[in-house]
Structures are given as structure tokens and as C-alpha cells.
Amino acid sequence: MPNPSHDTCHSLTATVAVGCSPLGDQMVARQLADELGLRWLGVVKPKQVREFPVLLYMDDEGLALQLTGKGAPGPVRAEFVTGKMGYRREHGGGTGQLVARAVGLQKTRAQLHVLDATAGLGQDAFVLASLGCRLTLLERNPVIHALLADGLARAALNIDCAPLVAQMQLEAGSSIGWLENAGRDAADVVYLDPMFPHRDKAALVKKEMQVFRQVVGDDDDSEQLLAAALACARYRVVVKRPRKAPAVAGPEPTTRLEGKSSRYDIYSIKALPA
């Protein structure tokens, strides 16, 4: 489990509590609350919780993040077996997918070691694992880390997903600290998807983003993270950004790939092996 900073702990204790449904594993949920230093509410209904805006909630489907109060959207999970990720695993676009092209999978047959230094819910990492990459995942926010660990553990029990999860290693701690300690060539590609500081609340349409804003906030050290990544990657660093957002402060990207809503800034260090 990550070791959050004092400021992170203070913010989380005021924002997030841990609860459980009648069908959830109360013992596991309470232990998680103790590990994270968060208030344990016991068996509750998320829409009836008023004193905390976000609930880390254990039910019969696993661990979820849930906005509380009347009219709140449904739970957010790290889900790889069913739903969007299950469909993408079975019907995805292979190495033609934008994230795969950004990492460089169309240019090499080598198995790349990709370090996802802002893992979040692990969706991009799972896509890259399904395309043959070996992944190291770092997520410094302890609540999101717990959510991702739960999703990977459940996926490891699925016969189709287990081989992919075996290619993904979730690590604890600060990404910047990990990169600085790892040294040059610690990963073939370093992948970054820092939280962009949106100020327009109307843009927060996805429930995942609504919850992340409450729990994670903005990544104000993106420039330092990019510098650490450039000192660590063997072949390239890839930074995912909203399509119209400015690049992270620092050197100019070597090239860019643009999609409908997002783009990938690519910082090439040397050519990928053929």
C-alpha cells in the first residue's frame, strides 16, 4: 500500500470514508479502512451518507468508489473482465489503437517493458498488456491504488484475464521517487497520464472523472514527473493529454498523435528495436 504524504492523508480523511454493503466482506473493508487511516462507517447505503462526499465501498462485486448523496452516479471500479474493458479485450483494434501507436508497438516486435507512472484505474495498462507488453504500474494515491489492486485481483481469477494480469506488476509509492531511484533504462517506455487541471465543471461528464476530482485533484508536479521519466526511459516517454491542452512544461514533444478527445505527446530518446 502506498505511503501517502501528510497533506494527502488530511485531504482523504476529510473526503473519503469506507463502507460496506450487506453482501460485501466487512472484515476486508474494515481492515482497508484501518490501513488507509479512513473512517469506517460499517454497513451503509451510499445515497444516505451525507458527511463524506465519497465512499470507498465494498459490495458483492468487489471494491468501488461511490459519490454519496441523493442523485449520485453509480459506482466506479477497476474492472477488466466485463464492461468496456472486457469488450475492448475481445474486440479491440490491436496495435492500430492510438495508445499502442503512441507507445510504438507498430514499429517493433520486441516485448516492451512499459512503466505506467500514473496508473489510475489501469485501463491503458491493461490494453498494452493485452498487446504483449510487460507493465509496471505506479499509483501514488492510496485510495485509487486500493481500487486498482482489487480490480487486478478479481481479474486474476478469470481464465481469459489471468495471463494479462500476470504481465502487470502494481507497485506502491511515489512515481517521481521510483523513477529517480530506478535510473537510466529502467523501462523501455514510460507512460504518463497526469490529471489535467480542468476549471470548467461542465466538462466533468464522466462519473469516473467526477470521483477522481474529489479524491485525487490535479497533478501539480507534472513537469517534475516528465523530467524524471525522461531520465529513466530507454526509448521514449508518452504523455496523454486532452486534445486541446498545452503540453507539460519542459522540452517540446518529438511528435504528437491526436484522437477525437485526447492526444499523445511523444518524447523520443532513441529508435525502438525492430
| request: Kindly say whether Ser268 contributes a backbone atom to a donor-acceptor pair with the side chain of Arg236 at under 3.5 angstrom? | output: no
| Heavy-atom donor-acceptor pair, Arg184 side chain to Ala233 backbone, under 3.5 Å | yes
| message | Within the 4.5 Å heavy-atom criterion, are Val237 and Tyr191 side-chain neighbours or not? | response | no
| Sidechain N-carboxylate O distance under 4.0 Å for Arg30, Asp34 | no
| When you measure from the side chain of Thr13 to the backbone N and O of Leu38, does any donor-acceptor pair fall under 3.5 Å? | no
| message | To the closest 0.5 Å, what do you measure between CE (Met58) and SG (Cys20)? | response | 7.0 Å
| field | Under 3.5 Å: donor-acceptor pair, side chain of Asp193, backbone of Thr118 | value | no
| query | Given the rule in the side-chain contact (heavy atoms from CB on, under 4.5 Å) test, do Leu225 and Leu179 qualify, once you have shown the distances and angles that lead to the verdict? | reply | CA-CA 8 Å; Leu225 181 58; Leu179 289 164; 3.8 Å; yes
| query | So, Asp59 side chain and Gly62 main chain: donor-acceptor pair closer than 3.5 Å or not? | reply | yes
| message | If hydrophobic residues (ILVMFWY) are linked whenever their side-chain heavy atoms come closer than 4.5 Å, directly or via other members, who joins Tyr57 in its cluster? | response | Leu41, Val44, Val49, Phe52, Leu55
| Atom pair CD (Gln123) and CG (Leu148), whose distance is rounded to the nearest 0.5 Å | 10.0 Å
| task | Look at the side chain of Thr254 and the backbone N and O of Tyr267, then say whether any donor-acceptor pair between them is shorter than 3.5 Å. | result | no
| query | Can any side-chain N or O of Asn181 pair as donor or acceptor with the backbone N or O of Gly177 at less than 3.5 Å? | reply | yes
| Charged N to carboxylate O below 4.0 Å: is that the case for Asp116 and Lys240? | no
| said: I'd like to know whether Leu56 forms a side-chain contact (heavy atoms from CB on, under 4.5 Å) with Leu32, so could you lay out the CA-CA distance, the side-chain angles of the two residues, the decisive distance to 0.1 Å, and finally the verdict. | reply: CA-CA 9 Å; Leu56 188 59; Leu32 182 60; 3.7 Å; yes
| request: Look only at the side chain of Glu79 and the backbone of Ala155, and say whether a donor-acceptor pair between them is shorter than 3.5 Å. | output: no
| query | For the residue pair Ala33 and Trp40, what are the closest heavy atoms and their distance? | reply | CB-CB, 4.1 Å
| Measuring from Leu137:CG to Leu152:CG, what's the distance to the nearest 0.5 Å? | 6.5 Å
| Would a distance-only check, ignoring hydrogens and angles, find a side-chain to backbone donor-acceptor pair under 3.5 Å from Arg256 to Tyr264? | no
| said: Run the side-chain contact (heavy atoms from CB on, under 4.5 Å) test on Arg134 and Gln111 for me, step by step, so that the C-alpha distance in whole Å, both residues' side-chain angles and the decisive distance to 0.1 Å come before the verdict. | reply: CA-CA 7 Å; Arg134 180 169 64 89; Gln111 184 189 46; 4.3 Å; yes
| Between Arg263 (side chain) and Ala245 (backbone), is there a donor-acceptor pair under 3.5 Å? | yes
| said: Evaluate Arg243 against Ser262 for side-chain contact (heavy atoms from CB on, under 4.5 Å), listing each step before the verdict. | reply: CA-CA 4 Å; Arg243 188 170 65 86; Ser262 60; 5.6 Å; no
